[in-house]
**Student:** 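Below is one structure. I have some questions about it.
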Amino acid sequence: MKTIAELSPKLTAIDFDPFAGGELFACVPPTEAQKEIWIAVQMGNEANCAYNESMCLRLQGSLDLESLRFSIQELVQRHDALRATFSPDGSTLCVAAWIALDIPTIDLSILDDRDRESKLAYLRRQEVDRPFNLVSGPLFRSQIIKLQEQEHLVIMTGHHIICDGWSWGILLPDLGKIYSAKKQGLAANIPQPESFTEYAILQEAQSTSTEVIDAEDYWLKLFSDTSPVVDLPTDRPRPALRTYNGSREDWELNPDLVANLKRLGKKAGCSFFTTLFAGFEAFMYRLCGQEDLIVGMPSAGQLFGGQEKLAGHCVSLLPIRSQINGEQSFIDYLRSRRKAILDACDRQQITFGTLVKKLALARDFSRIPLVPVTFNLDVQLAESQLNFPDFKAEAFSNPRTCENFEWAVNASETKQKLVLECQYNTNLFDAATIQSRMAEFEELLKAVVANPECPLQNLLILTATERQKILVDWNNTQTNYPKDACIHELFEVQAEQTPDAVALVFGEQQLTYQQLNC
């Protein structure tokens, strides 16, 4: 672990030949967002691996390995961001005219089921644990794993500095089209992709535009009074220096609940994402007991910039601030969030790092500034969208073992289900705690569906099991629980069981959620 003194930037002499790796297609300034990632990965391998974006593509059918290798190589040639590296000082984005990927094939089909699953888990973890060298590259890699004669897993990993979540929705379908065409002896009939090199040049040219100045004014005004510190209840005290150790727990929401949430959002004139996001903000309010909150929202720059076929790092992290009145009903709160989220998305031209610098926040080496928690909705590609017509195909992500945020929730939706993928810092939370948080979030979502007019401060979040456990512990030990978000829930349950004991047990105490550890 680095000391505070070691975190200070140092000047280094640079002996760099941009042509050492072969002919260059372009040499341009990186975007501001890329510069910020480049600085972040200098903290070490764990910080670097926190930016690994890794996907699995499972293909069931008769696979032509050579055609697949060809197709992966063509994919890299098609999208210039995948051929990018950086100068040693991070000041130059170097895009190679051509790179030859090493695409190994690993045969696990000879192993029994148990050994195969164990080895596959090891290989998937190895992919997210292996840091990229941003200077020598490549920053995109792939391997093919044979599981059975008719089943293969393709693992593709890109560094976040050249690849974002939106990009996978472009890369995977393109791969399917290239492979299918190759098998027929044809060239893939795909429109010319948009160029990340041109995107980076345009970003540089627009850095002083009216839109950027307007975006900067918007965000600075939003935080002009103060910048709240979101203080999550943790299982352990924060280490003095921020850590990156991470893991992931997944939680599948009840399908009927998802359908009801969509109906509720439609009734309020809000998208499903806005409905989920507002629900998560309400949960954070109940969890932390804070009326002034920030939740980070990743936003695809491609979508708002009209470049929907652009692969590269174009995502913006938007610090969505909410000042909550607990007496307001959820449905009214939800309606108010539609404009707030749209306004933020319209002003995503300023990068998160630039905003943090402009705000001149007090430095706290134990925390990520401004947004320890993020929430995102990611709609997964359907089998037909993957463009592998002769295969049963599915795509899914590899969980990281390093994480930038204290808690990052990605709501991953398919036609069949919605899974909350929860990446979290293992120095702060246990897996069981994250599972409990998601059960509580689901409980809150059930409550808003059941009664959208319910005041935010009265929304239930404890599960029936948690409520019962707290009451049993209370009655067995008479513990003086040192956390007010849940007190009404306990009143209700206790009143149902032993109405006369309510005043005796609880008296006039004001208990907070954190103190109850619920």
**Student:** Can Thr31 and Gln203 be said to form a side chain to side chain donor-acceptor pair (under 3.5 Å), step by step?
**Tutor:** CA-CA 6 Å; Thr31 65; Gln203 290 283 296; 6.0 Å; no

**Student:** Between the main-chain N or O of Gln42 and the side-chain N or O of Asn48, is there a donor-acceptor pair closer than 3.5 Å?
**Tutor:**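 No, because the side chain of Asn48 does not come within donor-acceptor range (under 3.5 Å) of the backbone of Gln42.
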
**Student:** Inspect the contact between Arg335 and Asp332 and indicate whether a charged nitrogen and a carboxylate oxygen are less than 4.0 angstrom apart.
**Tutor:**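 Yes, Asp332 and Arg335 are salt-bridged.
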
**Student:** Given side chains that start at C-beta, do those of Val409 and Trp407 come closer than 4.5 Å, heavy atoms only?
**Tutor:**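 When only atoms from C-beta onward are counted, Trp407 and Val409 do touch, with a gap below 4.5 Å.
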
**Student:** So, the side chain of Arg236 versus the backbone of Thr426: is there a donor-acceptor pair under 3.5 Å, distance only?
**Tutor:**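 Side chain of Arg236 to backbone of Thr426, a donor-acceptor pair under 3.5 Å: yes, one is there.
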
**Student:** Quick check for you: to the nearest 0.5 Å, what is the distance between Leu171 atom CG and Leu57 atom CG?
**Tutor:**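 Going from the CG atom of Leu171 to the CG atom of Leu57 covers 11.5 Å.
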
**Student:** Quick test of your reading of the model: are Glu249 and Arg437 salt-bridged, counting only N-O distances below 4.0 Å?
**Tutor:**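 Looking at Arg437 together with Glu249, the answer is no, because their closest N to O distance does not fall below 4.0 Å.
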
**Student:** Any side-chain donor paired with an acceptor under 3.5 Å for Asn410 and Ser412?
**Tutor:**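 Absent: no donor and acceptor within the cut-off.
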
**Student:** Strictly by modelled atom types, are Ser271 and Arg338 linked by a side-chain donor-acceptor pair under 3.5 Å?
**Tutor:**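 Distance-only check fails for Ser271 and Arg338.
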
**Student:** If we only count heavy atoms from C-beta on, is the Leu101 to Phe140 side-chain gap below 4.5 Å?
**Tutor:**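 Side chain of Leu101 against side chain of Phe140, heavy atoms only: contact under 4.5 Å found.
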
**Student:** To the nearest 0.5 Å, what is the distance between SG on Cys163 and CZ on Phe196?
**Tutor:**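 Taking SG in Cys163 and CZ in Phe196, the distance rounds to 10.5 Å.
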
**Student:** State whether Glu403 and Arg400 are salt-bridged, where the test is any N-O pair (Lys NZ or Arg NE/NH1/NH2 against Asp/Glu carboxylate O) under 4.0 Å.
**Tutor:**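 A salt bridge is present here (some side-chain N lies under 4.0 Å from a carboxylate O).
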
**Student:** Between Glu440 and Arg286, does at least one N-O distance fall below 4.0 Å, as a salt bridge requires?
**Tutor:**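 A salt bridge is absent here (no side-chain N lies under 4.0 Å from a carboxylate O).
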
**Student:** Give the table of side-chain donor-acceptor pairs shorter than 3.5 Å for residues 441-449, with sequence neighbours excluded, one pair per line with atom names and distance.
**Tutor:**
unit_1, atom_1, unit_2, atom_2, d
Glu442, OE1, Trp251, NE1, 2.8
Glu442, OE2, Asn254, N, 3.1

**Student:** Between Glu194 (side chain only) and Lys309 (backbone N and O only), is there a donor and an acceptor less than 3.5 Å apart?
**Tutor:**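 Answer holds: yes.
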
**Student:** Indicate whether the side chain of Tyr285 and that of Ser322 have a donor and an acceptor atom separated by less than 3.5 Å.
**Tutor:**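 No donor-acceptor contact under 3.5 Å links the two side chains.
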
**Student:** Taking the side chain from Thr374 and the backbone from Ala408, do they hold a donor-acceptor pair closer than 3.5 Å?
**Tutor:**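 Pair absent, no side-chain N/O of Thr374 close to backbone of Ala408.
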
**Student:** For Asp231, is there an ion pair with Arg367 - N to carboxylate O distance below 4.0 angstrom?
**Tutor:**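 A salt bridge links Arg367 with Asp231.
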
**Student:** Determine whether Thr243 and Asn427 satisfy the following criterion, side chain to side chain donor-acceptor pair (under 3.5 Å), listing intermediate values before the conclusion.
**Tutor:** CA-CA 7 Å; Thr243 61; Asn427 289 108; 2.8 Å; yes

**Student:** What I want to check is whether the side chains of Thr351 and Glu36 have a donor and an acceptor closer together than 3.5 Å.
**Tutor:**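 Side-chain D/A pair, Thr351 to Glu36: present.
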
**Student:** Does the plane of the ring in Phe283 sit parallel, tilted or perpendicular to the ring in Phe280? Use 30° and 60° as the thresholds.
**Tutor:**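 The rings of Phe283 and Phe280 sit tilted, inter-plane angle from 30° to 60°.
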
**Student:** Counting only N and O atoms by type, is there a donor-acceptor contact under 3.5 Å from the side chain of Ser195 to the main-chain atoms of Thr197?
**Tutor:**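 Checking the backbone N and O of Thr197 against the side chain of Ser195, a donor-acceptor pair under 3.5 Å is found.
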
**Student:** Decide side chain to side chain donor-acceptor pair (under 3.5 Å) for Asp364 and Ser366; before the verdict, give the C-alpha distance in whole Å, the side-chain angles of both, and the deciding distance to 0.1 Å.
**Tutor:** CA-CA 5 Å; Asp364 182 346; Ser366 70; 2.6 Å; yes

**Student:** What I want to find out is whether Lys221 reaches Asp217 closely enough, with some N-O distance under 4.0 Å, to be called a salt bridge.
**Tutor:**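 No, no charged N to carboxylate O under 4.0 Å.
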
**Student:** Contact between Glu252 and Leu418 at the side-chain level, heavy atoms closer than 4.5 Å - yes or no?
**Tutor:**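 They are not in side-chain contact.
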
**Student:** Within the structure provided, determine whether His79 and Leu82 are in side-chain contact (heavy-atom separation under 4.5 Å).
**Tutor:**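 Side chain of His79 against side chain of Leu82, heavy atoms only: contact under 4.5 Å found.
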
**Student:** Which residues pass the ring-ring contact (aromatic ring centres under 6.0 Å, His included) test with Phe429, not counting sequence neighbours?
**Tutor:**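 Counting only residues at least two positions away or on another chain, Phe429 forms no ring-ring contact (aromatic ring centres under 6.0 Å, His included).
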
**Student:** Distance-only, no hydrogens or angles: does the Asp430 side chain make a donor-acceptor pair with backbone N or O of Ala432 under 3.5 Å?
**Tutor:**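 No.
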
**Student:** If we ignore angles and hydrogens, is there a donor and acceptor under 3.5 Å between the side chains of Thr414 and Gln380?
**Tutor:**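 Their side chains do not contain a donor-acceptor pair, so the 3.5 Å distance test is not met.
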
**Student:** Using only heavy-atom distances, determine whether the side chains of Glu127 and Thr157 contain a donor-acceptor pair under 3.5 Å.
**Tutor:**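 Their side chains do contain a donor-acceptor pair, which is all the 3.5 Å distance test asks for.
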
**Student:** Any non-hydrogen side-chain atom of Ser329 less than 4.5 Å from a side-chain atom of Pro455?
**Tutor:**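 No, too far: nothing below the 4.5 Å cut-off.
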
**Student:** Does the side chain of Leu359 reach to within under 4.5 Å of the side chain of Ser227, using non-hydrogen atoms?
**Tutor:**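 Yes, at least one pair of side-chain atoms sits under 4.5 Å.
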
**Student:** Return the minimal non-hydrogen interatomic distance between Thr234 and Arg238, and the atom names on each side.
**Tutor:**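 It is CG2-NH2, 4.0 Å.
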
**Student:** Can you find a side-chain donor-acceptor pair between Gln302 and Asp164 that sits under 3.5 Å?
**Tutor:**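 Short answer, yes.
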
**Student:** Between Asp292 and Arg321, does any NZ, NE, NH1 or NH2 come within less than 4.0 Å of an OD or OE carboxylate oxygen?
**Tutor:**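 Judged by the 4.0 Å cut-off on N to carboxylate O distance, Arg321 and Asp292 do form a salt bridge.
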
**Student:** Are Arg141 and Phe132 packed together at the side-chain level, in the sense that at least one heavy-atom pair is separated by less than 4.5 angstrom?
**Tutor:**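 Yes, their side chains come closer than 4.5 Å.
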
**Student:** Are there over 12 heavy-atom neighbours, none belonging to Glu198, within less than 6.0 Å of that residue's CD?
**Tutor:**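 No.
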
**Student:** So how far is it from Phe396 CZ to Met55 CE, rounded to the nearest 0.5 Å?
**Tutor:**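 With rounding to 0.5 Å, CZ (Phe396) is 8.5 Å from CE (Met55).
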
**Student:** Kindly compute the distance separating CG (Leu139) from NE2 (His313), expressed to the nearest 0.5 Å.
**Tutor:**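 Those atoms lie 13.0 Å apart.
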
**Student:** I want to check something: taking the side chain as every heavy atom from C-beta on, are Glu406 and Val230 in contact at a cut-off of under 4.5 Å?
**Tutor:**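 A side-chain contact is absent here, since even the closest heavy-atom pair is not under 4.5 Å.
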
